[in-house]
Amino acid sequence: DGHEIDVEISMTSVKLKDRYIISSFIRDISQRKEYEREIIDARDKAEEASAAKLTFLSMMSHEIRTPLNAVIGTSQLLLAENPRKDQLENLNILKFSAENLLSIINDILDFNKAEECKMVLESQPFNIETLCNNIVNSFIPVSKEKGITIKFTNKLKRINLVSGDETRLSQVLINLFGNAVKFTSSGSVILSAELINLN
């Protein structure tokens, strides 16, 4: 009917008595080509969706950072006003939680690096005892509501200064400890730090 189609042609030389003839086979590959076009189209749409996701995450991260910085700044101002002992503990929990959330938000801004496997772990000195205490203290309101006991047990033998990525470790411990608190209906949840090897 005159319309063009995609075909695959194979040609073979065949000897017939004292002469050669060309044997040709023509196969219609229109359906295969249509599948290929669909795959390319799906890939392009997936790439567009991924780019849109990154743009959305970046925009939302910037929007969230503004109020978070206000929370951190306000908590610092309140800490500087000589609060009562009971207020001091709550303010420290508030400041730690806001700063940890801000670190996560900053990671979202770097989401493209994570997708390209270019995320680099930091190696900076930090106090593991302080970090663990802050994590446990941030779950005190939830534990009181559930009627369970939570605590940090330090078995580090006074070696509290370690080197590593404090933010990543904090995220892991918060997830683990948070799930433990979430799924514990009675009893206690203990976060323990122990020195395994100095080397």
Side-chain angles (χ1 to χ4, degrees), residues 53-111 113-115 119-196:
K53 178 182 67 176
L54 290 174
T55 301
F56 173 77
L57 287 174
S58 178
M59 181 183 67
M60 290 305 299
S61 298
H62 281 296
E63 292 294 326
I64 294 170
R65 285 176 71 181
T66 301
L68 263 181
N69 282 321
V71 171
I72 294 171
T74 303
S75 63
Q76 288 173 335
L77 288 173
L78 292 172
L79 284 167
E81 294 178 353
N82 298 318
R84 299 192 313 266
K85 186 177 180 180
D86 60 320
Q87 293 175 327
L88 181 64
E89 183 177 344
N90 290 333
L91 285 171
N92 281 325
I93 291 172
L94 175 65
K95 183 172 178 290
F96 168 77
S97 299
E99 287 175 341
N100 191 69
L101 184 55
L102 183 60
S103 295
I104 296 171
I105 296 301
N106 287 335
D107 286 343
I108 294 176
L109 287 173
D110 244 356
F111 192 74
K113 287 187 178 180
E115 286 205 330
M119 189 63 70
V120 179
L121 292 176
E122 299 292 333
S123 182
Q124 300 291 335
F126 65 94
N127 191 303
I128 187 70
E129 181 180 33
T130 301
L131 174 66
C132 291
N133 274 322
N134 284 336
I135 290 172
V136 172
N137 289 339
S138 67
F139 285 95
I140 287 176
V142 179
S143 66
K144 285 182 177 178
E145 185 179 323
K146 297 191 68 174
I148 62 175
T149 303
I150 60 173
K151 66 177 180 178
F152 167 57
T153 302
N154 190 350
K155 301 179 181 178
L156 293 173
K157 301 177 182 178
R158 298 182 180 178
I159 302 176
N160 292 319
L161 193 65
V162 298
S163 183
D165 196 319
E166 183 178 8
T167 300
R168 300 285 184 274
L169 178 60
S170 175
Q171 291 170 4
V172 171
L173 292 178
I174 286 173
N175 284 332
L176 292 173
F177 197 78
N179 282 334
V181 171
K182 179 180 178 180
F183 295 108
T184 300
S185 56
S186 63
S188 61
V189 179
I190 300 171
L191 176 61
S192 177
E194 183 177 352
L195 180 65
I196 301 299

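Just so you know, residue 1 is the first one in the sequence shown, and it goes up from there.
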Student: Say you draw a straight line from CG of L191 to OG1 of T153; how long is it, rounded to the nearest 0.5 Å?
Tutor: 8.0 Å
Student: How long is the straight-line distance from CD of Q124 back to CD of E166, given to the nearest 0.5 Å?
Tutor: 10.0 Å
Student: Considering residues at least two apart in sequence or located in another chain, which fulfil the salt bridge (Lys or Arg N to Asp or Glu O under 4.0 Å) criterion with E89?
Tutor: none
Student: Where do F126 and S163 come nearest, in terms of heavy atoms and distance?
Tutor: CE2-C, 4.3 Å
Student: For R84, does its backbone N or O pair with a side-chain atom of Q87 as donor and acceptor, under 3.5 Å?
Tutor: yes
Student: Show me, pair by pair, the donor-acceptor contacts under 3.5 angstrom made by side chains of residues 131-142, not counting sequence neighbours?
Tutor:
residue, atom, partner, partner atom, Å
N133, ND2, E129, O, 3.3
N134, ND2, T130, O, 3.2
N137, ND2, N133, O, 3.1
S138, OG, I135, O, 2.6

Student: Quick check for you: to the nearest 0.5 Å, what is the distance between L78 atom CG and N90 atom CG?
Tutor: 11.5 Å
Student: Kindly compute the distance separating NZ (K95) from OG1 (T74), expressed to the nearest 0.5 Å.
Tutor: 12.5 Å
Student: Is any side-chain heavy atom of I128 closer than 4.5 Å to one of L169?
Tutor: yes
Student: Side-chain contact test, heavy atoms from C-beta onward, threshold under 4.5 Å: evaluate it for S192 versus K155 and give yes or no.
Tutor: yes
Student: Name every donor-acceptor pair, under 3.5 Å, that has one atom in a side chain of residues 176-185 and the other anywhere in the protein, sequence neighbours excluded.
Tutor:
residue, atom, partner, partner atom, Å
N179, ND2, N175, O, 3.2
T184, OG1, A180, O, 2.5

Student: Return the minimal non-hydrogen interatomic distance between S75 and L91, and the atom names on each side.
Tutor: CB-O, 4.5 Å
Student: Once you round to the nearest 0.5 Å, how far does CG of L88 lie from CD of E81?
Tutor: 12.5 Å
Student: Hey, could you give me the CG/CZ distance between L173 and R168, rounded to the nearest 0.5 Å?
Tutor: 13.5 Å
Student: Check step by step if side chain to side chain contact (heavy atoms under 4.5 Å, CB included) holds for I174 and N100.
Tutor: CA-CA 10 Å; I174 286 173; N100 191 69; 3.0 Å; yes
